[in-house]
Amino acid sequence: MTPIIKSGSLFARLLSNSGWNLLGQGAGLLVAIFAIPVLLTNLGPSAFGLLTIFLALIGYSGLLDLGIGRAVTAEVAKYTLRSDRTTISNSITTAMALVLMLATLLSTLLVSLSAPIAGLLVGVTGDLLDESRSAVLVLSLTVPVVLLASCVRGALEGLQEFKVISKVMMPTGMLMFAVPATLSIVTPSVTHMMWALFLVRLLALALLYAVCKKRIGSLRPRLPSGSEARSLLRAGGWMTVSNVVSPIMTNLDRLFISAQISPAAAALYVMPYELATKTLLPAGSIANAIFPVFAAHSKAGASTSERKRFFWRATLLTAAVALVPSLVLFVFAQDILTAWISIEFAQGVSTDILRLLAIGIVANGAAYIPFAFIQGIGRADVTAKFHLAELAIFIPTLLYALQAFGVLGAAMVWVGRAVIDTTLLFAYASRRL
């Protein structure tokens with residue numbers, strides 16, 4: 001039987017997969033730089049703001065799969081070295097059935113709550129109320145497509161088909177911004193753009209599914225297997241905790257700044273934060289590529305020395321790709337903010353915030369590998385418990401820091417949490433290595 005995973009140096013394959021990962025994610029961002037000004041000009045501030053909300057909702061809907069997409073990556077990866085296509089096929093089809101049932105429930109909920117959701121987004125008497133409600137209905141059809149695509153993509157990641165995934169995600173990611181921008185020249189309708197985005201997402205799902213089916217050989221629809229469903233939901237459930245808690249800690253700081261100080265103060269923090277965290281994209285690409293490797297080796301029983309060597313090489317690589325941009329941000333913080341925003345903005349507290357966050361980026365980037373390792377060996381419960389404990393400490397510490405140090409305190413707390421999180425992850429991963 002032909003092996004599912006291609007031969008070659010493990011570390012060289014990691015570098016290749018990471019590069020393809022980065023290309024797949026970066027292509028859409030590159031197009032967005034040019035598309036956003038076009039959308040803003042043609043739609044106007046209100047409709048553009050509504051569209052960005054729905055774009056965010058489409059993106060975040062991928063986190064509503066109860067962690068099944070990530071769990072199926074681990075399940076598939078465990079059987080790749082044995083080329084067990086039957087078990088792999090069963091895991092994928094079970095995951096798809098579970099996701100489809102969940103997506104149907106979420107879509108029904110969106111349809112039934114479309115009016116209050118629309119009112120929440122634009123106000124009960126807003127000019128865009130009807131537009132918003134229509135867009136919510138289109139979103140209800142888009143969510144199942146996004147969740148199924150996340151599941152199939154997870155399966156392909158388990159097969160380490162990152163090059164193929166990137167070849168699909170690069171054009172569809174670019175279309176996610178290029179199509180609305182082009183359409184905005186003809187019509188300012190957010191609903192029409194949502195239909196266009198639905199078709200783009202449907203195209204991505206069809207392409208990913210076709211590739212997955214070709215690689216496995218058979219993906220016949222079937223009812224979920226009880227044992228496989230329990231395994232996926234158990235692992236996915238703990239991953240979901242991290243997927244939910246981590247964004248909460250990411251967004252709470254700006255909400256607290258706005259509430260306790262002012263919305264203007266929140267802008268002083270958000271702009272350098274967004275700039276700093278975007279530099280973690282290469283580290284995230286490496287971690288995404290290495291996760292199925294750790295999962296496969298946990299099943300295959302790789303030697304301790306081999307696991308340690310691979311773990312530490314990947315850690316050094318991730319720390320390096322985080323260190324270089326963080327040094328640039330730290331040294332040229334004021335110049336960068338001056339060029340990007342204004343000299344008045346850069347001369348305020350934002351420069352100090354950016355320099356603080358640049359320090360935290362190194363710790364945060366290094367943590368990606370132990371995080372992927374711990375989840376890859378089937379202990380997603382550990383990372384979830386760490387995040388829950390950090391959340392309990394994070395909230396009161398953030399409230400105190402804002403009172404004592406103002407907006408700069410939020411950056412201090414973020415860096416402190418990054419260091420604590422990294423320490424906990426490395427401590428546990430070192431024991432398991």
Side-chain angles (χ1 to χ4, degrees), residues 60 63-64 66-67 70-71 234-260 266 269-270 272-274 276-281 283-284 286-288 290-291 294 311 315 318-319 322 326 353-354 356-433:
Y60 283 123
L63 300 176
L64 301 177
L66 299 181
R70 186 74 161 172
R234 183 167 54 249
W238 284 115
M239 291 178 185
T240 299
V241 173
S242 289
N243 287 343
V244 170
V245 173
S246 185
I248 288 175
M249 288 189 283
T250 298
N251 293 292
L252 267 183
D253 44 15
R254 63 196 68 187
L255 294 176
F256 283 176
I257 292 170
S258 181
Q260 288 204 5
Y269 176 79
V270 170
Y273 177 88
E274 291 295 328
T277 53
K278 287 296 183 290
T279 63
L280 286 169
L281 187 60
I286 295 170
N288 200 39
I290 205 172
F291 172 73
F294 286 141
F311 177 93
T315 298
T318 310
S326 70
I353 291 173
L354 183 56
L356 263 177
L357 294 175
I359 296 171
I361 287 299
V362 181
N364 203 346
Y368 275 63
I369 299 305
F371 182 85
F373 172 77
I374 294 168
Q375 289 201 340
I377 62 174
R379 294 308 307 270
D381 60 308
V382 172
T383 57
K385 290 169 184 175
F386 284 166
H387 279 145
L388 288 172
E390 289 167 22
L391 179 63
I393 300 170
F394 177 78
I395 293 176
T397 306
L398 176 62
L399 291 172
Y400 169 77
L402 288 176
Q403 291 179 349
F405 305 102
V407 68
L408 190 63
M412 295 177 181
V413 173
W414 189 89
V415 173
R417 189 190 71 82
V419 171
I420 291 172
D421 186 58
T422 302
T423 302
L424 290 172
L425 292 172
F426 271 110
Y428 184 84
S430 296
R431 291 206 307 270
R432 293 304 300 265
L433 280 171

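Side chains included, hydrogens not; waters and symmetry mates left out as well; all remaining heavy atoms used. Along the sequence shown, residues carry numbers from 1.
Trp414 has its side chain out of reach of Leu356: every pair of non-hydrogen atoms, C-beta onward, lies at least 4.5 Å apart. Residues Gln375 and Phe294 are not in side-chain contact: their nearest non-hydrogen atoms beyond the backbone lie 4.5 Å or more apart. Put simply, the side chain of Val413 reaches to within 4.5 Å of the side chain of Phe394, judged on heavy atoms. Considering only heavy atoms from C-beta on, Arg70 comes within 4.5 Å of Asn288 through its side chain. Between Tyr428 and Arg379 there is a side-chain heavy-atom pair separated by less than 4.5 Å. Contact of the Tyr368 side chain with the Thr315 side chain is not registered, since no non-hydrogen atoms from C-beta on lie closer than 4.5 Å.
Applying side chain to side chain contact (heavy atoms under 4.5 Å, CB included) to Asn364 and the options Leu280, Leu357, Val415 leaves one that passes, Leu280.
Relative orientation of the His387 and Phe371 rings is tilted, given thresholds of 30° and 60° on the angle between their planes.
Heavy atoms only, all atoms of each residue included: Ala322 and Gly365 are closest at CB-CA, 4.1 Å. Ile361 approaches Ala276 most closely through the heavy-atom pair CD1-O, 3.4 Å. Among all heavy-atom pairs drawn from Ala287 and Ile369, the shortest one is CA-CD1, 4.4 Å. Heavy atoms only, all atoms of each residue included: Met239 and Ala380 are closest at CG-CB, 3.7 Å. Considering all non-hydrogen atoms of both residues, Gly409 and Ala401 come closest at O-CB, 3.6 Å. Shown here for Leu398 and Ala410, the closest heavy-atom pair between the two residues is CD1-CA, 3.8 Å.
The OH atom of Tyr273 sits 13.0 Å away from atom CG of Leu354, with the distance rounded to the nearest 0.5 Å. With rounding to the nearest 0.5 angstrom, the CE atom of Met412 is 10.5 Å from the CG atom of Leu402. Going from atom OG1 of Thr383 over to atom CD1 of Ile374 covers 6.5 Å, rounded to the nearest 0.5 Å.
Scanning for salt bridge (charged side-chain N to carboxylate O under 4.0 Å, His left out) contacts around Asp421 gives an empty result, with sequence neighbours left out. Judged as a ring pair (Phe, Tyr, Trp, His ring centres under 6.0 Å), and not counting sequence neighbours, the contacts of Phe311 are Phe373. Residues passing the side-chain contact (heavy atoms from CB on, under 4.5 Å) test with Ser430, sequence neighbours excluded: Trp312.
Under a 3.5 Å cut-off, the side chain of Thr422 and the backbone N or O of Ala363 do form a donor-acceptor pair.
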Kindly determine whether Glu390 and Leu424 satisfy side chain to side chain contact (heavy atoms under 4.5 Å, CB included), including the steps that lead there.
CA-CA 10 Å; Glu390 289 167 22; Leu424 290 172; 3.9 Å; yes
